[in-house]
Amino acid sequence: MEINVTFIIQIILFFIYMYLVFKYIWPYLNKVIEKRKKDISISFIKIQENKEKILVLEKEIKSKKKYSDKIVLNIINKAKIKAKKIIDESKDLAKIEYKKIILNAKNEVLIEKKIMYKLFYNEIDKTIYFILIKLTNNILNKKLDNEYIKKLIKNYRFLK
C-alpha cells in the first residue's frame with residue numbers, strides 16, 4: 001500500500017468530517033436519543049401506573065359484581081317467595097270455589113231429589129187412586145181375582 005497525497009487528504013478529510021459530526025451532529029442526535037429514552041421511561045412509568053389503576057378497578061368491579069349478584073339473588077328469592085304466595089292464595093281461592101261448586105251441586109241434587117220424590121209420590125197416588133177405583137168398581141161388580149189385578153197394573157203402565 002502506498003501512502004500518497006490523496007490518501008493523506010482523505011484521512012485529513014475524514015478527521016475533519018468526524019470532528020464536525022462529533023461537534024455539531026452528535027450532540028443533536030444525543031439530545032434526540034436522550035429525549036427518546038426519557039419519553040420511553042415516562043411512558044413505562046405511566047404504563048405501570050395504569051396497570052395499578054386497572055388492578056384497582058378490576059378489584060372494584062369484582063366487588064361491585066359480587067354486590068350486584070347478591071342483589072339479583074335477593075330479588076330472585078323475593079320473586080320466588082311472592083310467586084309461591086300467589087300460587088298458594090290461588091290454590092286457597094280454588095279450594096273455596098270448589099267447595100262452593102260442590103255445595104251448589106249438592107243443593108241442586110237435593111232440589112231435584114225433592115222434585116223427583118214429589119213426582120214419584122204423585123204417580124204413586126195416581127196409581128193407588130186408579131187401582132182403588134178399579135177395585136171398588138170390581139168389588140161392586142164382584143170381579144176380584146189376582147189375574148185381574150195383574151191386568152190392571154199392566155194396563156196402568158201403558159196409560160203413561
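Numbers here are sequence positions counted from 1. In what follows, every heavy atom counts, from backbone to side chain, and hydrogens, waters and symmetry copies are set aside. For clarity, every value in this text was computed on a predicted model and none was experimentally measured.
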Spatial distance of atom [atom1] ([X]) from atom [atom2] ([Y]) [nearest 0.5 Å]:
X: Ile54; Y: Glu52; atom1: CD1; atom2: CD; result: 10.5 Å
X: Ser41; Y: Lys46; atom1: OG; atom2: NZ; result: 10.5 Å
X: Lys78; Y: Ile81; atom1: NZ; atom2: CD1; result: 9.0 Å
X: Lys31; Y: Leu29; atom1: NZ; atom2: CG; result: 11.5 Å
X: Lys82; Y: Glu89; atom1: NZ; atom2: CD; result: 10.0 Å
X: Ile33; Y: Lys38; atom1: CD1; atom2: NZ; result: 16.0 Å

Any heavy-atom pair between the side chains of [Y] and [X] that's under 4.5 Å?
X: Ile71; Y: Tyr67; result: yes
X: Lys99; Y: Ile96; result: no
X: Tyr19; Y: Ile16; result: no

Item checked: Ion pair Glu58/Lys62, N-O distance below 4.0 Å ->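 Looking at Glu58 and Lys62, the cut-off is not met.
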
Checklist line | Derivation and outcome, side-chain contact (heavy atoms from CB on, under 4.5 Å), residues Met116 and Leu119 | finding: CA-CA 5 Å; Met116 291 307 291; Leu119 290 174; 4.3 Å; yes

What about [X] and [Y], same hydrophobic cluster or not, with Ile/Leu/Val/Met/Phe/Trp/Tyr joined at side-chain heavy-atom distances under 4.5 Å?
X: Phe14; Y: Ile25; result: yes
X: Phe7; Y: Phe15; result: yes
X: Tyr117; Y: Val109; result: no
X: Tyr28; Y: Met18; result: no

Note to self: So does Lys70 get a backbone contact from the side chain of Asn74, meaning a donor-acceptor N/O pair under 3.5 Å?
What the structure shows: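 Checked: no pair found.
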
Notebook entry, point to check: Of the options Asp92, Ile87, Ile86, which is the one that meets Ser90 in a side-chain contact (heavy atoms from CB on, under 4.5 Å)?
Noted result: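 Output: one option passes, namely Ile86.
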
Next item on the list: Please determine which of Ile12, Thr6, Ile8 meets the side-chain contact (heavy atoms from CB on, under 4.5 Å) test together with Gln10.
Entry: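 Of the listed options, the one satisfying the test is Thr6.
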
Next item on the list: Take Asn50 and Lys53 through the side-chain contact (heavy atoms from CB on, under 4.5 Å) test and state the conclusion after the steps.
Entry: CA-CA 5 Å; Asn50 286 337; Lys53 286 180 184 177; 4.1 Å; yes

Check: Are Ile102 and Tyr98 close enough, and set up right, to give a side-chain contact (heavy atoms from CB on, under 4.5 Å), and what steps lead you there?
Finding: CA-CA 6 Å; Ile102 293 296; Tyr98 168 78; 3.7 Å; yes

